[in-house]
Amino acid sequence: MKKDASWTLARVLTVFFGALLLITATRLIWIQAIRGKALRQEAEDARVMPHSTPAQRGGIFDRDGIPLALSSTVYDVIADPVNLNQKGRAAQMLADVLEGSVDFYYAELIAPTHYAVMARGISQNQRDMLIDYIDDLPSTTDSEIEFKIQMQNCIVFELNYQRYYPAGTAAAQTLGWVRTDTGDGQAGIELYYDGVLKGKPGSSTSERDVFGNLIPSGVQKEVPAQAGQPLILTIDYHIQSFADNELAAAAEACEAKAGALIVMEVKTGELLAVCSYPAFDLNEYGKAREEEFRNRALLELYEPGSTLKPITAAAALETGVVTTATEFEVPSAITVGIHEVSDDSPHDVWPQANLAWILQNSSNVGTSKVAFTIGCEALYKQYQQVGFTTVSESDFPALTPAVIAKPDQWLDIELSNHSFGQGLAVSPLMMTRALAAIGNGGLLVTPHLLKETPGDAGLKRDWPVAQVITPKVAGDVTAIMENVMINGTGSGIHLDGFRVAGKTGTAQKAAFGQGYDTDAYVGSFIGFFPVEDPQIIVFVMLDEPAGNYYGAYVAGPPFVSVASFTAEHLGIEPTILPESE
């Protein structure tokens, strides 16, 4: 019986170990033959550590190559706390060179990690100082040698880039800024052309041991980063800087809440200066107040007041119902529905007021009578023609159309108000574009900021141009606007050596839900020159000036100074002004 039992046990064990051997062999075949490749890849992946290398962001330059935004080389200091023994001594060294708190560095160095950020964005000089400091460490004892080797192996520098703006406050709201952690554009040109500017990051791959140490003979791969494309803008730094200062001085002189100024080439739509007040230093954008971020020149909507009257005149002339000789009887006030529409100052009835006379005196009543003659549809059509009702193809983020109700929603009072620039909202950019069309023979250009992208011809754009006013009407309205400067509300605004076509504007500000605020106004002026061959248009607006708030008074002087500087800077030849009547 014993023998039989032993024999049975031996057979059972033989079968058991045979089965175990078969399972093991099968498993080995499965691992080596079938799963081998995948497992080898997993093992390599566990040892091989990829690291993204940043791309240098393309610079932004003015039309003459003056830098407006650049990316400088900086370094992030990275430590391997696990393999660094003398943490207190290392923390003191880092504080000596990089400044900062010893306690901070020590707290980072006691973390159980192979990757700890000691500092971000240090300069090349700081990096070299730290390397020299480590290399100069004493190495006379085993302990000193060990510490020096650990510091050399456990402190590394990762390349990075830091955006800075040499021009400081110049065109701050237009250029925009980038996030410091990701380098992505967040506003303005930096955002709109982010895909062009940021380039493509590269990667470096290194094989490391279980402690995170580099294996010199291991896998090392590198894909270089591709730098972003530089941009050449239409902005002229000299004009921009001068205009920024003049706008700020004008705003401060009249204690205005805010302001905007635009300088644009009439025939091309190239924006030479785009100014918003108050402004801020782009290098310290984190300290800027909310109101300083607002791009009032390109994005902010406002009621333009009388600067819109040339558009009403163009609409009237385009219908053919009104000509430059058509006369209107214009009292100082009229009743429209239950509302009274009046001119700024009481006057006797003008029995023979034509378009030139009405705009010369900036008459709300006269402009209303012109609008009643042509009707809602004709006026709204002109708004459409000059681009108020659509988003332009200008290269700036967050552009919007004007706020204007459809004409079938207008009552007579809306028609009246719209005709002289109240009850609707446009941006300074829209006004500049629309009145530039008058000076450009009726051709509506697309205002833009990109001039060229060196090295990538595929990014060059064709900016749309459209005939929106007939050349004859554009010429007639130009003459009317020049008359405003000679005999009308703009007669105190003199640009020495040039004939100017312009229009003043003084608009009451809306008090939300309460009609209009009798104590808050927007004063503005817009004009182009030389009349014989318009080259430059300048728009100036001051929001809520104190005291004398009229457009001619607050916006006229900065127009003259900026237009004079622009003409001299660009070498525009002076012309002779006609004598006033």
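Computed from a predicted structure; not experimentally measured.
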For this session: Before giving the answer on side chain to side chain donor-acceptor pair (under 3.5 Å), spell out for Y516 and E303 the whole-Å C-alpha distance, their side-chain angles and the decisive distance to 0.1 Å.
Result: CA-CA 11 Å; Y516 285 88; E303 296 193 23; 2.8 Å; yes

Exercise. What distance separates E377 CD from T319 OG1, expressed to the nearest 0.5 Å?
Worked result: 13.5 Å

For this session: First locate atom CE of M430, then atom CG of L435, and finally report the distance between them rounded to the nearest 0.5 Å.
Result: 14.0 Å

Problem set entry | Main-chain N/O of S345 paired with S332 side-chain donor or acceptor, under 3.5 Å | no

Problem set entry | Heavy-atom check, side chain of S419 versus side chain of V370, under 4.5 Å | no

For this session: Go through the steps for Q360 and N483 under the test side chain to side chain donor-acceptor pair (under 3.5 Å), then give the verdict.
Result: CA-CA 7 Å; Q360 167 187 317; N483 181 63; 2.9 Å; yes

Exercise. So, for S416 and V341, which heavy atoms are closest and what is the spacing to 0.1 Å?
Worked result: OG-CG2, 3.5 Å

Exercise. Which pair of non-hydrogen atoms, one from L301 and one from V403, has the smallest distance, and what is that distance?
Worked result: CD1-CG2, 3.6 Å

Exercise. Just wondering, do E544 and V522 contact through their side chains at under 4.5 Å, heavy atoms?
Worked result: no

Exercise. Do the ring planes of W350 and H347 sit parallel (below 30°), tilted (30 to 60°) or perpendicular (above 60°)?
Worked result: parallel

For this session: Apply salt bridge (charged side-chain N to carboxylate O under 4.0 Å, His left out) to the pair K267 and E265, showing each step before the final yes or no.
Result: CA-CA 6 Å; K267 293 181 172 64; E265 288 188 350; over 6 Å; no

For this session: Run the numbers on F528 and I536 for side chain to side chain contact (heavy atoms under 4.5 Å, CB included), then give the verdict.
Result: CA-CA 6 Å; F528 53 81; I536 299 296; over 6 Å; no

Exercise. Is there a side-chain contact between L570 and I239 (heavy atoms, below 4.5 Å)?
Worked result: yes

Exercise. Could you state the interatomic distance from CD1 (I235) to CD1 (I60), rounded to the nearest 0.5 Å?
Worked result: 11.0 Å

Exercise. Is a donor on one side and an acceptor on the other found under 3.5 Å between the side chain of N354 and the backbone of A325?
Worked result: no

Exercise. Between the side chain of D395 and the main-chain N/O of L449, is any donor-acceptor distance below 3.5 Å?
Worked result: yes

Problem set entry | Flag, side chain of H448 to backbone of T446, donor-acceptor distance under 3.5 Å | yes

For this session: Looking only at non-hydrogen atoms, find the nearest pair between L399 and S392 and report the distance.
Result: CD1-OG, 3.9 Å

Problem set entry | Mutual orientation of the aromatic rings belonging to F280 and W177 [parallel < 30°, tilted 30-60°, perpendicular > 60°] | perpendicular

For this session: Flag the pair R63 / L272 as yes when at least one side-chain heavy-atom distance between them is below 4.5 Å, and no otherwise.
Result: yes

For this session: Take D533 and R499 through the test salt bridge (charged side-chain N to carboxylate O under 4.0 Å, His left out) and record every step on the way to the result.
Result: CA-CA 10 Å; D533 182 22; R499 294 167 56 191; over 6 Å; no

Problem set entry | Contact check, side chains of L68 and Y237, non-hydrogen atoms, under 4.5 Å | yes

For this session: Output yes when K287 and E284 qualify as a salt bridge under the 4.0 Å nitrogen-oxygen rule, no when they do not.
Result: yes

Exercise. Salt bridge (charged side-chain N to carboxylate O under 4.0 Å, His left out) between E292 and R289: does it pass, once the steps are laid out?
Worked result: CA-CA 5 Å; E292 293 171 339; R289 296 169 295 160; 2.8 Å; yes

For this session: Using the ring pair (Phe, Tyr, Trp, His ring centres under 6.0 Å) rule, take Y192 and F396 through it: C-alpha gap first, then chi angles, then the decisive distance, then the call.
Result: CA-CA 6 Å; Y192 191 90; F396 198 79; 7.8 Å; no

Exercise. Would F559 and F525 count as a close aromatic pair, with their ring centres under 6.0 Å?
Worked result: yes

Seminar exercise, completed: Smallest heavy-atom separation, S72 atom then Y164 atom, equals CB-CE2, 3.7 Å

For this session: Could you grab the distance from atom CD1 of I189 to atom CG of L450, nearest 0.5 Å is fine?
Result: 7.5 Å

Problem set entry | side chain to side chain contact (heavy atoms under 4.5 Å, CB included) assessment of L424 paired with F388 | CA-CA 10 Å; L424 49 77; F388 286 170; over 6 Å; no

Problem set entry | side chain to side chain donor-acceptor pair (under 3.5 Å) evaluation trace for D244 with Q240 | CA-CA 6 Å; D244 277 333; Q240 176 74 48; 3.2 Å; yes

For this session: Measure from the side-chain N and O atoms of R433 to the backbone N and O of V445, and report whether any donor-acceptor pair falls under 3.5 Å.
Result: yes

Problem set entry | Derivation of the salt bridge (charged side-chain N to carboxylate O under 4.0 Å, His left out) call for D64 and K451 | CA-CA 11 Å; D64 295 319; K451 190 167 182 67; over 6 Å; no

For this session: Can you measure from SG (C376) to CD (Q409) and round to the nearest 0.5 angstrom?
Result: 11.0 Å

For this session: Consider only side-chain N and O atoms of S561 and S564, and report whether a donor and an acceptor are under 3.5 Å apart.
Result: no

Exercise. Name the one of R163, R179, K198 that satisfies salt bridge (charged side-chain N to carboxylate O under 4.0 Å, His left out) with E190?
Worked result: R163

Exercise. Does the side chain of T180 reach to within under 4.5 Å of the side chain of Y285, using non-hydrogen atoms?
Worked result: yes

Problem set entry | CA sep, side-chain torsions, deciding dist, call: T518, Q508, side chain to side chain contact (heavy atoms under 4.5 Å, CB included) | CA-CA 7 Å; T518 57; Q508 277 186 293; 3.9 Å; yes

Exercise. Where the side chain of Q56 meets the backbone of G228, is there a donor-acceptor pair that is under 3.5 Å apart?
Worked result: no

Exercise. Has the side chain of T478 got a donor or acceptor atom that lies under 3.5 Å from a matching backbone atom of A474?
Worked result: yes

Problem set entry | Side-chain donor-acceptor pair present, S363, D343, cut-off under 3.5 Å | yes

Exercise. Counting N and O atoms only, with roles assigned by atom type, does the side chain of T307 sit under 3.5 Å from a partner on the main chain of P304, one being a donor and the other an acceptor?
Worked result: yes

Exercise. Does E414 use its side chain to pair, donor to acceptor, with the backbone of A405 at less than 3.5 Å?
Worked result: no

Exercise. Short question: side chain of H238, backbone of F242 - any donor-acceptor pair under 3.5 Å?
Worked result: no

Problem set entry | Side-chain touch Y302/V426, heavy atoms, less than 4.5 angstrom | yes

Exercise. Is any side-chain heavy atom of S71 closer than 4.5 Å to a side-chain heavy atom of Q162?
Worked result: no

Exercise. More than 12 heavy atoms of other residues, nucleotides or ligands under 6.0 Å from CG of N548: is that the case?
Worked result: yes

Exercise. Can you tell me if T312 and K309 form a side-chain donor-acceptor pair at under 3.5 Å?
Worked result: no

For this session: Check the pair S362 / T489 against side chain to side chain donor-acceptor pair (under 3.5 Å), numbers first and verdict last.
Result: CA-CA 7 Å; S362 202; T489 56; 5.1 Å; no

For this session: Please determine, by modelled atom types, if D543 and Y277 share a side-chain donor-acceptor pair under 3.5 angstrom.
Result: no

For this session: State whether the number of non-hydrogen atoms from other residues, nucleotides or ligands found under 6.0 Å of E255 atom CD is greater than 12.
Result: no

Seminar exercise, completed: Only one of T432, D236, T174, L429 passes side chain to side chain contact (heavy atoms under 4.5 Å, CB included) with L271, and that residue is L429

